[in-house]
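Since we're looking at a predicted model, the values are computed, not measured. Any value given below was found using the heavy atoms of this structure, including those in side chains, with hydrogens, waters and symmetry copies removed.
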Amino acid sequence: MNLVSIVIPLYNERDNIAALFEELVLVADGANLNAEFVLVDDGSSDDTVSRVREIAQGDERFKLVELRRNFGQTAAMQAGFDFAEGEIVVTLDGDLQNDPAEIPKMIKKLNEGYDLVAGWRRDRQDAFISRKLPSMLANRLISKTTSVKLHDYGCTLKVMTRDIAKNINLYGEMHRFIPALAAELGANIAEVPVNHRPRIHGTSKYGISRTFRVLLDLLTVKFFLGFSTRPLHMFGGLGMICGGLGVGLLTYLAYEKLFLDLPLAGRPLLLLTTMLILIGLQFVCFGLLAEILVRTHFESQNKKIYAVRNVFQGNRGSAAKKIRANQG
Ligand code: UDP
Ligand code: MG
């Protein structure tokens with residue numbers, strides 16, 4: 001049976017470890033999963049590490065990746081992806097808010113032919129003003145801006161194929177954009193409602209300021225999905241709009257000066273014209289520089305501008321044989 005890697009970021013979760021392990025083992029054994037648990041300690045300052053080591057010692061399915069300092073949940077998840085060896089990769093919060101019992105159901109859904117199955121905390125157990133409301137707005141906005149329509153981007157509980165997990169690169173706090181990044185790779189995505197529980201031990205690591213960072217990240221994702229291989233189309237487009245306006249105004253001013261003999265000096269319009277033309281030129285140059293960067297980015301790392309799902313190879317001679325058989 002395919003190996004399932006369950007990736008869990010942990011940051012100061014000392015009081016959740018014991019219950020988490022128990023639930024994981026129960027679910028894995030209950031559903032007869034061939035599982036490995038990839039726990040990533042994100043530089044906890046409490047005794048999360050020693051607790052994990054103590055409990056995990058006797059079970060070879062557990063792997064603990066200890067980061068040197070607190071790098072953030074996204075980096076911890078990326079580390080988990082890098083160390084995961086399974087054909088199927090599951091991500092899960094370590095604070096017991098996600099219910100591991102949902103994993104078998106989601107794997108089943110994945111096996112129906114999806115590349116990523118996202119959890120939807122339909123009945124989310126968090127504060128309304130600081131959590132649910134901003135998250136609701138963010139989900140709407142992200143759905144509108146990216147091509148992936150989901151109810152809940154923020155739910156860490158996700159199940160994906162190895163191919164997807166290994167081919168998306170996370171930066172900053174982008175783990176919530178995994179579905180959008182996966183869609184960019186051509187993934188088939190499904191969403192299933194999952195159980196969500198209130199946090200009992202420890203505290204949440206985020207506050208309301210996360211909302212603003214999500215908005216900025218959305219800008220990055222939008223740009224990357226749309227223009228990462230053709231930045232000149234965006235910057236050049238802006239440049240042409242500014243420059244075009246500038247040239248139009250310049251023509252108008254020249255007409256006034258040459259034919260109507262109106263003075264040019266002291267007119268704000270002239271200043272605007274000059275600025276528009278300069279900014280337009282700047283945008284175009286910027287776009288060209290970005291094109292050079294993109295090529296360096298892809299070619300220096302041997303990255304491809306496409307993603308292959310599968311390569312089918314026909315059998316040598318079989319088509320010819322079939323034709324001959326049909327004729328004969
Ligand atoms: N987490 C992490 N590094 C961080 C912050 C959080 O690894 O810098 C982990 C945390 O231990 C938990 C998960 O990410 O397992 C989600 O964090 P939290 O519960 O604080 O987020 P919330 O559920 O409030 O959105
Ligand atoms: Mg939580």
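Taking CG of Leu225 as the reference point, atom CG of Leu181 lies at 6.0 Å (rounded to 0.5 Å).
Glu173 pairs in a salt bridge (Lys or Arg N to Asp or Glu O under 4.0 Å) with only one of the listed residues (Arg213, Arg210, Lys205), which is Arg213.
For Phe83, there are no ring pair (Phe, Tyr, Trp, His ring centres under 6.0 Å) partners at least two apart in sequence or on another chain.
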List the atom pairs, donor and acceptor, that lie under 3.5 Å between side-chain atoms in residues 303-313 and the rest of the protein, sequence neighbours left out.
residue: Arg309; atom: NH1; partner: Asp115; partner atom: OD2; Å: 3.1
residue: Arg309; atom: NH2; partner: Gly186; partner atom: O; Å: 2.9

Could you list the donor-acceptor pairs under 3.5 angstrom formed by side chains in residues 260-289, with sequence neighbours left out?
residue: Arg267; atom: NH1; partner: Glu256; partner atom: OE1; Å: 2.5
residue: Arg267; atom: NH2; partner: Glu256; partner atom: OE1; Å: 3.2
residue: Thr273; atom: OG1; partner: Leu269; partner atom: O; Å: 2.6
residue: Thr274; atom: OG1; partner: Leu270; partner atom: O; Å: 2.6

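Here Arg53 does not pair with Asp41 in a salt bridge; the nearest charged N to carboxylate O distance is not below 4.0 Å. Ion pair Glu102/Lys109 not flagged as a salt bridge, since none of the NZ, NE, NH1 or NH2 atoms sits closer than 4.0 Å to an Asp/Glu carboxylate oxygen. A salt bridge links Arg295 with Glu291; the closest basic N to acidic carboxylate O contact falls under 4.0 Å.
With ring centers used as reference points, Phe21 lies under 6.0 Å from Phe62.
One hydrophobic cluster holds both Leu92 and Ile88 under the rule that ILVMFWY side chains link at heavy-atom gaps under 4.5 Å. Hydrophobic clustering (ILVMFWY, side-chain heavy atoms < 4.5 Å, transitive): Trp120 and Val159 are in distinct clusters.
In this structure, Arg69 forms a cation-pi arrangement with Phe71, its terminal cationic atom sitting closer than 6.0 Å to the ring centre and no more than 45° off the ring axis.
In this structure, Leu116 and Ala182 approach most closely via the heavy-atom pair CD1-CB, 3.9 Å.
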